[in-house]
Amino acid sequence: MRLDRFLANLPSYNRQQVRLMLAQRRVRVDGQATSDPLTEVREFSRVELDQQLLQAGRPARYLMLHKPAGCVSATQDPQHRTVLDLLPAALRGDLHIAGRLDFNTTGLMILTNDGQWSRRLTQPATKLPKHYLVETEDEIGEHYVAKFREGFYFAFEDLTTQPARLDILGPRQARLTIVEGRYHQVKRMFGHFDNKVVGLHRERMGAIHLDPGLAPGAFRELTADEIATV
Ligand code: URA
């Protein structure tokens with residue numbers, strides 16, 4: 001919400017008082033004095049007027065987790081352990097997953113309570129590259145590369161996938177970069193060649209790399225620099 005609306009919604013101030021207090025630069029958002037009525041106030045923003053705290057701001061949280069195989073990308077599941085079960089109870093609170101992975105897929109998983117940020121990370125319009133290491137049952141042919149670049153028609157969604165980059169690393173291993181996150185996307189792409197994906201690991205989302213120091217199941221907070229890349 002814009003700052004002038006936030007202030008005018010408080011019971012104590014009318015619009016004229018709000019205009020004046022802004023002009024006098026008596027309002028601080030996240031520690032910065034501002035006179036701009038359009039300054040964005042979020043649930044995470046700390047807002048002060050002179051020495052008075054108007055909103056403390058909920059702590060925003062951004063975590064990376066090394067997802068192990070055999071756990072569900074969900075906040076709750078009646079049968080299996082979920083990625084949230086890997087976090088201490090005190091941290092789980094209001095976190096959601098930014099970009100799910102299948103049950104046996106491993107690698108970079110990002111969890112946050114900041115919906116605006118996670119939408120930027122995951123919405124197709126952002127075209128954020130996601131990098132996967134793929135192991136397949138059968139050999140990967142050179143002809144795959146052009147098809148991944150050209151796109152695959154997905155009948156269920158009635159769309160053709162965005163150009164993807166396939167780097168063949170070995171007879172049954174490749175690195176794949178895709179800019180979307182359709183349901184089972186990687187498996188369906190290889191499925192076009194009747195080639196089963198037997199190992200899938202997400203290494204990177206945009207500029208955020210899975211920390212090599214994180215063992216499967218371990219997590220850490222994202223750094224301010226990592227958060228700012230999205
Ligand atoms: N594509 C898949 O098929 N599975 C995943 O877990 C991620 C991308």
Side-chain angles (χ1 to χ4, degrees), residues 63-77 79-87 95-112 118-141 144-145 147-170 172-211 214-219 222 230:
L63 305 179
M64 77 158 69
L65 168 80
H66 186 163
K67 180 191 175 295
C71 79
V72 184
S73 286
T75 47
Q76 281 184 340
D77 189 90
Q79 262 186 314
H80 302 285
R81 81 183 164 147
T82 72
V83 287
L84 279 199
D85 294 330
L86 298 166
L87 304 176
L95 293 179
H96 62 265
I97 296 159
R100 289 165 192 279
L101 292 174
D102 295 338
F103 188 66
N104 279 325
T105 302
T106 58
L108 176 63
M109 167 141 286
I110 293 178
L111 298 120
T112 179
S118 68
R119 264 192 298 284
R120 281 205 301 280
L121 188 80
T122 55
Q123 71 195 357
T126 308
K127 297 203 171 168
L128 188 90
K130 271 109 11 200
H131 302 250
Y132 291 90
L133 207 52
V134 190
E135 309 270 348
T136 56
E137 195 163 78
D138 299 323
E139 289 204 5
I140 301 170
Y144 284 29
V145 174
K147 182 66 190 160
F148 273 83
R149 198 183 314 118
E150 180 188 309
F152 298 84
Y153 178 66
F154 283 1
F156 182 73
E157 295 93 338
D158 188 24
L159 58 80
T160 299
T161 56
Q162 295 285 323
R165 181 184 165 130
L166 186 73
D167 293 299
I168 301 176
L169 305 176
R172 294 181 181 77
Q173 193 187 55
R175 177 167 288 116
L176 175 64
T177 306
I178 55 175
V179 294
E180 307 143 284
R182 308 278 168 205
Y183 182 66
H184 292 329
Q185 179 159 346
V186 177
K187 291 173 185 161
R188 289 161 78 193
M189 288 168 132
F190 279 90
H192 171 87
F193 300 100
D194 229 355
N195 196 351
K196 189 172 171 196
V197 171
V198 293
L200 188 56
H201 177 80
R202 186 158 62 197
E203 303 177 299
R204 198 175 141 190
M205 294 173 84
I208 307 178
H209 296 246
L210 178 65
D211 190 327
L214 287 181
F219 70 93
L222 293 188
V230 176

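Everything numeric in this text was worked out from a predicted model, so none of it was measured. Worth knowing before you read on, the calculation uses all heavy atoms, side chains too, and leaves out hydrogens, waters and symmetry mates. Both ligands and their constituent atoms are indexed starting at 1 by order of listing. FYI, the numbering just counts along the sequence from 1.
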Here's a test for you: under side chain to side chain donor-acceptor pair (under 3.5 Å), which of Arg204, Lys130, Arg165, His131 qualifies with Thr177?
His131

Just to be sure I read this right, does ligand 1 sit under 4.0 Å from the backbone of Leu200, its side chain, both, or neither, counting only heavy atoms?
side chain

Using heavy-atom distances only, which candidate in His184, Met109, Arg188 approaches atom 3 (O) of ligand 1 most closely?
His184

What protein heavy atom sits nearest atom 4 (N) of ligand 1, and how far off is it?
Asp102 OD2, 2.7 Å

Exceeds 12 heavy-atom contacts within 6.0 angstrom, atom OH of Tyr153:
yes

Should the ring pair Phe190 and Phe148 be called parallel, tilted or perpendicular, given that the plane angle runs from 0 to 90° and is split at 30 and 60?
tilted

A student checking ligand 1 against Gln185 at a 4.0 Å heavy-atom cut-off should list atoms 1 (N), 2 (C), 3 (O)

Looking at every non-hydrogen atom in both residues, tell me the closest pair between Arg172 and Glu137 and how far apart they are.
NE-O, 3.0 Å

More than 12 heavy atoms from other groups under 6.0 Å of CZ on Phe103
yes

Is there a polar contact between ligand 1 and Lys187, counting only N or O atoms under 3.5 Å apart?
yes

Among all protein heavy atoms, pick out the one at the shortest distance from atom 1 (N) of ligand 1; state its residue, atom name and that distance to 0.1 Å.
Val186 N, 3.1 Å

Polar proximity ligand 1 side, Thr105 side, N/O cut 3.5 Å exclusive:
yes

Phe152 six-ring centre to Arg188 NZ/CZ under 6.0 Å and within 45° of normal:
no

Give yes or no for whether the N/O distance cutoff of 3.5 Å, strictly under, is met between Tyr132 and ligand 1.
no

